Amino acid sequence: MKLYEKYPVHLSNSLSGEKEKFETITPGFVGMYVCGPTVYNYAHLGNARTFLTFDTISRYLRFIEYKVRYVRNITDVGHLESDADEGEDKIGKKARLEQLEPMEIVKRYTEDFHSMMRQFNILPPNIEPTATAHIIEQINIVKKLIDLGLAYEVNGSVYFDVKKYNQSHHYGILSGRNIEELMESGRELDSQDEKREKVDFALWKKASPQHIMRWPSPWGEGFPGWHIECTVMSTKYLGETFDIHGGGMDLKFPHHECEIAQATGANGRAPVKYWVHSNMLTVNGQKMSKSLGNSFLPAELFTGNHPLLQKGYSPMTVRFFMLQSHYSSTLDFSNEALNAAEKGFKKLSNALSLIKNLNQEKQEGINSELSKQLALLADECFKNMSDDFNTAKTLAVLFEMASRINDLKSGTLKINSIEKIIFTTFKSTYIGMMEEVLGLTEDASINNNLVDGTIQVLINLRKKVRADKNFALSDKIRDDLKAIGIQLKDGKDGEMSYEIEN
RNA sequence: GGUUCCGUGGCCGAGUGGCUAGGCUGAGCUCUGCAAAAGCUCCUACAGCGGUUCGAAUCCGCUCGGAACCUCCA
């Protein structure tokens with residue numbers, strides 16, 4: 001029996017608005033597509049939250065023995081800023097400003113994005129396709145949509161005919177909109193517009209003379225519209241219908257709505273079984289975004305070099321902080337919350353290094369009550385994660401487990417009194433949930449052999465003076481180390497350990 | 001204006017009909033030469049008003065407050 005059978009996953013499907021049992025198209029296999037970044041600028045913390053969400057989801061699905069293919073794209077064609085017809089290509093604009101080739105812009109910010117992912121211990125997807133590498137496929141699907149009568153060409157641009165599509169399907173199925181309301185509200189079509197209806201969206205745009213990113217097509221030189229790349233790449237690598245499509249809440253409309261329309265129009269079937277949207281990171285209750293000027297760059301966060309921050313926080317602290325809330329809720333970013341997260345994470349992290357060194361030598365005097373309790377805790381981790389990837393609830397259980405680990409370490413609870421199989425499961429679950437599922441590794445310290453050896457010398461020295469009851473000197477050693485950020489901890493049995501504080 | 005979501009104890013944040021969330025902070029206790037760490041205990045809430053129900057933070061209605069999307073955004 002696979003773990004995913006023992007702990008069946010339920011997840012919130014944005015399409016139905018309800019929590020549903022997760023049943024994959026092919027038993028044992030999961031295909032997941034997540035909208036990645038547009039690489040025209042530095043990625044900020046709000047962006048990280050979405051990728052963290054799907055990192056955790058893919059990690060957990062693998063942990064419970066699914067075979068996962070995770071595809072996350074890089075958008076390296078400029079989406080158009082402002083209005084879809086007259087806007088400017090973000091990558092092209094940035095390239096002109098910095099006097100670089102568009103691909104230099106793309107390269108720079110892709111590297112930056114990857115480095116941020118690494119810092120937060122967000123694993124790379126299995127496939128990371130780029131839009132520019134799929135121009136031909138995008139042209140092909142546009143042709144197909146024209147042939148099907150779902151798209152029309154005007155002056156070298158091609159638009160999706162939403163009204164036509166809506167005759168046989170429901171445009172707005174994901175975001176709960178209907179086409180009449182959409183046509184009534186918002187911007188009016190002006191005389192310059194090529195679109196038949198304002199709800200129509202571009203599949204292919206003719207490149208203006210100054211537009212630098214351009215490719216030849218049956219309709220002249222141009223570039224693909226915003227939405228089509230995701231449809232092409234998800235279909236190519238995951239099939240016409242796949243299990244999970246993820247992304248930030250702000251992509252629900254129009255981006256994902258358009259994806260559904262294009263793909264359904266072209267292939268005659270709904271592209272996605274479960275739509276999953278992660279919610280926004282907020283600052284003082286407002287969405288963190290570049291345009292609002294309230295975004296944080298990773299470097300600012302780690303160093304604390306930001307007007308709103310009192311100090312710096314480690315990547316793992318931030319990761320833990322984000323996992324303390326459910327991905328579908330907004331999460332507010334503040335100093336207080338980060339401070340609390342730092343301390344909380346430290347507790348879990350300490351327990352992690354402790355349990356790694358805890359082993360059961362022999363089994364004696366079985367405490368069945370304790371055994372039962374520990375078995376239940378391990379079980380709860382899986383149940384909580386399988387319940388819509390509830391990392392907040394899982395962390396609550398891990399805190400319980402951490403307390404028990406401390407008890408085992410201090411001897412308050414006897415490690416040998418636990419049933420062998422239960423101890424093994426308890427240990428592997430704590431370590432597995434922390435490191436593999438939640439991606440919470442121990443913070444990388446400046447720890448190395450030289451430092452460790454030096455501290456051991458001091459520890460041995462201090463043991464000697466303590467034995468001699470020279471407390472003045474032993475306190476001095478401890479205080480002086482503390483002053484440079486090394487905390488000595490005296491154990492019950494005269495053992496000493498240390499911890500490097502950041 | 002349209003669509004949708006949220007309002008939980010000092011702070012952050014789970015929970016969607018009956019059963020302890022959890023973290024941080026604060027107070028006390030235990031252990032310790034003293035600390036630190038750790039363990040234990042306490043402070044116990046669901047914006048307001050009304051309704052449904054044997055029973056509601058949880059369902060329904062209204063009021064107040066906040067947010068997201070409808071333009072690019074994760």
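As a basis for the values below, the full set of heavy atoms in this structure was taken, side chains included, without hydrogen atoms, waters or symmetry mates. From a predicted model like this one, the values you see are computed outputs, not experimental measurements. Sequence lines set the chain letters: A, B, ... in the order given, protein chains first and strands last, and positions in each chain run from 1.
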Under 4.0 Å, counting only non-hydrogen atoms across every strand here, what does [X] touch: a base, just sugar-phosphate, or nothing?
X	answer
Leu338(A)	nothing
Arg72(A)	nothing
Ser291(A)	nothing
Asn339(A)	nothing
Ser278(A)	nothing
Asp475(A)	base
Gly176(A)	sugar-phosphate
Phe399(A)	sugar-phosphate
Ala337(A)	sugar-phosphate
Ser325(A)	sugar-phosphate
Lys252(A)	nothing

Would you say [X] reaches [N]'s phosphate, i.e. side-chain N/O to OP1/OP2 under 4.0 Å?
X	N	answer
Lys347(A)	A37(B)	no
Ser497(A)	A37(B)	no
Asn47(A)	A74(B)	yes
Lys343(A)	U25(B)	yes
Ser410(A)	A38(B)	no
Arg462(A)	G33(B)	no

Indicate, yes or no, whether a donor-acceptor pair under 3.5 Å links the base of [N] to the side chain of [X].
X	N	result
Asp332(A)	G13(B)	no
Asp490(A)	C34(B)	yes
Arg478(A)	A35(B)	yes

[atom1] atoms of [N] and [M], separation to the nearest Å:
N	M	atom1	result
U3(B)	U8(B)	C1'	26 Å
G55(B)	G22(B)	P	29 Å
A14(B)	C62(B)	P	27 Å

Fill in: Protein-nucleotide distance (Met401(A), atom CE; A38(B), atom P), rounded to Å
18 Å
Discussion item. Please report the distance, rounded to the nearest Å, between CG in Leu182(A) and P in U4(B).
Written reply: 12 Å
If you only use heavy atoms from C-beta on, which nucleotide in [options] is closest to the side chain of [X]?
X	options	answer
Leu331(A)	G13(B), C40(B), A74(B)	G13(B)
Met288(A)	A74(B), C12(B), U3(B)	A74(B)
Ala340(A)	A68(B), U16(B), G23(B)	G23(B)

Would you mind pulling out the nucleotide paired to [N], Watson-Crick or G-U wobble, both distances under 3.5 Å?
N	value
A38(B)	U30(B)
C69(B)	G2(B)
C43(B)	none
G61(B)	C49(B)
C19(B)	none

Worksheet, complete the sentence: Walking RNA chain B from its 5' end, the first of Asp250(A) and Tyr327(A) to be reached, judged by nearest nucleotide, is Tyr327(A)
Worksheet, complete the sentence: Between Gln487(A) and Gly344(A), whichever has its closest RNA chain B nucleotide further toward 5' is Gly344(A)
Within 45° cone and under 6.0 Å: [X] NZ/CZ vs [Y] ring:
X	Y	result
Arg466(A)	Phe471(A)	no
Lys90(A)	Tyr40(A)	yes
Arg72(A)	Phe51(A)	yes

Discussion item. Below 30° counts as parallel, above 60° as perpendicular, anything between as tilted: where do the rings of Phe201(A) and Tyr171(A) land?
Written reply: parallel
Worksheet item: How are the rings of Trp275(A) and His256(A) set to each other: parallel, tilted or perpendicular (split at 30° and 60°)?
Response: tilted
Worksheet item: Of all heavy-atom pairs between Met249(A) and Asn279(A), which one has the smallest distance, and what is that distance?
Response: CE-OD1, 3.3 Å
Worksheet entry | Near-ring test His44(A)/Phe296(A), centroid separation under 6.0 angstrom | no
Worksheet item: How far does CE of Met117(A) sit from CG of Asp112(A), to the nearest 0.5 angstrom?
Response: 9.0 Å
